[in-house]
Enquirer: 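First the structure, then my questions, so here it is.
Order of the sequence lines sets the chain letters (A, B, ...), proteins ahead of strands, with each chain counted from 1.
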Protein chains: 2
Amino acid sequence: MESAIHTAAPPEAGRSRGSLAEDVCRRIADEIVLGQLAPGTRLDEVTLAARFAVSRTPVREALKQLAIMGLVETRPNRGSVVAALSVEQLNHMFEAIAELEAACARHAALRMSEADRAAMRQHHAEGRAAMQAGDIERYEAANVALHATIIRGCYNPVLIDMATSLRDRVSSFRRTQFRNLERMSESFEEHSVIVEAILAHDVITTYREMRSHLISARSATTRAAPAWGNAPAAAAAPLPPDPLP
Amino acid sequence: MESAIHTAAPPEAGRSRGSLAEDVCRRIADEIVLGQLAPGTRLDEVTLAARFAVSRTPVREALKQLAIMGLVETRPNRGSVVAALSVEQLNHMFEAIAELEAACARHAALRMSEADRAAMRQHHAEGRAAMQAGDIERYEAANVALHATIIRGCYNPVLIDMATSLRDRVSSFRRTQFRNLERMSESFEEHSVIVEAILAHDVITTYREMRSHLISARSATTRAAPAWGNAPAAAAAPLPPDPLP
DNA sequence: AGTCCATGAATTGCATGCAACGTGCCAATC
DNA sequence: GATTGGCACGTTGCATGCAATTCATGGACT
């Protein structure tokens, strides 16, 4: 069960496992998530078929699957393009991520194994080192690893899959999240509170802080959004209210 | 954007809109959700192609999409069957639904329009009438309508889509949820508290009560699960802890 | 000069044919 | 008698051909 590439793929398992369609789907998804395929890029069936040395059929199936995952947008008889999200859609996604990851973190605070806790502390320490070195790339990697560890810590495949696939869908839009060091240290401080709360099994603090942390991340990302100019950019959509229970 | 049948299909719009693949996908999904296709049923490409009077290609694409949505399970070179969930998977799904719908309800408490509030009250009143009449079918319908109204009240397409598609995936497993009237009146009382809280814009009570309401619903459903016998049924899996922040 | 229509190129959507994989059964052997 | 090997069938997976829809460009008419 569980939809996407996360459960299906043994990480980096020698390329070309399973059916051609799934393989093509994974490879395209990787390129989109890694930002090698910019949003708005046209995805032509014959071109892709040629690139991957397969026929059009598996490419078609891969594109349909990617469309359902939300990574590409397919218009009838008009082909597919890499999904370009409007600022409004991005806000909705971040809000959903905040809800999902906060719920994951709350469960993780009660269910994480000792190994999970150790991994979490290590990723956080790595983040501190990256921050002190002013290495944005490295901090970004540590950030992703930390969040992934917490998400998996809820031990609920359904929640894990939804949170992970949502993260993938917005990943290419948050490359510049930590371009200023101020946001980086702010993020690190927020991480510290969350990690402490999880280690203390404090579900209330964990939930509240993870949620507000992700709302901060949303603001940091969408502030930079208008610079893209690729989307309708509905005039800096007013952020809907964010109740903190 | 947004994956599934919910946004794509104008409800009951004359059958056969859009591409054949999407149409076939919707029709199969409907039959699964409505319980006309029992979990475990074998889905043969040629048989389905004959039934819908199309070729195998659109059927193939439809099955792939359904597999990603989690409604069918596809094993390589072995065909597809209607997804049969184990008790453990069902628990995970209910937990995810509880988190998602509680979040939706919290936002709905602040964002619902007056029309939404009126619709919510009406569905709740319909539920009361059904309960007093002892009509389980009718209460079930009112229950679905009430929850759908609250979910849509969050005005976040991403959250709405995730919550709705999750509900669809488990819908065929909860037909017998209210088979005893005790659970029905219990459910109604819980609804009353939630509706009141939403009308009062009380985000904290809304969130807490919706979450515990859905956890109750989970217990009511999975208690009946072993009777199905179609799944491994991992010996009445111990319910994981449910922190209430 | 502007607008509308028509025709053409390109791309997707669907159908069918062929090959490969997995399954079930039967028989031969230990 | 049980187990294993092989064979045949059915089903999925992929490739290719044809039809339908869409967009663009050019011409003619107002």
Enquirer: If you look at every heavy atom in B:Met69 and B:Arg169, which pair is closest and at what distance?
Expert: O-CD, 3.0 Å

Enquirer: In whole angstrom, give the distance that lies between atom CG of B:Leu63 and atom P of D:dT12.
Expert: 8 Å

Enquirer: Could you state the atom-to-atom distance from CG of A:Asp44 to C1' of C:dA10 in whole Å?
Expert: 9 Å

Enquirer: In this structure, how many angstroms lie between the C1' atom of D:dA20 and the CG atom of B:Leu20, rounded?
Expert: 12 Å

Enquirer: Is B:Ser55 close enough to C:dA15 that one of its side-chain N or O atoms is under 4.0 Å from OP1 or OP2 there?
Expert: yes

Enquirer: OP1 or OP2 of C:dC21 less than 4.0 angstrom from a side-chain nitrogen or oxygen of B:Arg78, does that happen here?
Expert: no

Enquirer: In the structure I gave you, are the side-chain heavy atoms of A:Ser172 and A:Val33 within less than 4.5 Å of one another anywhere?
Expert: no

Enquirer: Distance from A:Arg183 atom CZ to A:Tyr139 atom OH, nearest 0.5 Å?
Expert: 7.5 Å

Enquirer: Please compare A:Ala53 and A:Pro76 by the position of their nearest nucleotide in DNA chain D and report the one closer to 5'.
Expert: A:Ala53

Enquirer: Provide, to the nearest angstrom, the distance between the CG atom belonging to A:Asn77 and the P atom belonging to C:dT12.
Expert: 10 Å

Enquirer: Closest nucleotide of DNA chain D for B:Arg42 versus for A:Arg56: which of these residues is on the 5' side?
Expert: B:Arg42

Enquirer: Which heavy-atom pair separates B:Tyr155 from A:His92 by the least distance, and what is that distance?
Expert: O-NE2, 3.6 Å

Enquirer: In whole angstrom, what separates A:Glu61's CD from D:dG13's P?
Expert: 8 Å

Enquirer: From CD of B:Glu45 over to P of C:dA15, roughly how many Å is that when rounded to an integer?
Expert: 13 Å

Enquirer: Without decimals, in angstroms, what is the distance between A:Lys64 NZ and C:dC14 C1'?
Expert: 11 Å

Enquirer: Tell me the interatomic distance from B:Glu22, atom CD, to C:dG13, atom P, rounded to whole angstroms.
Expert: 9 Å

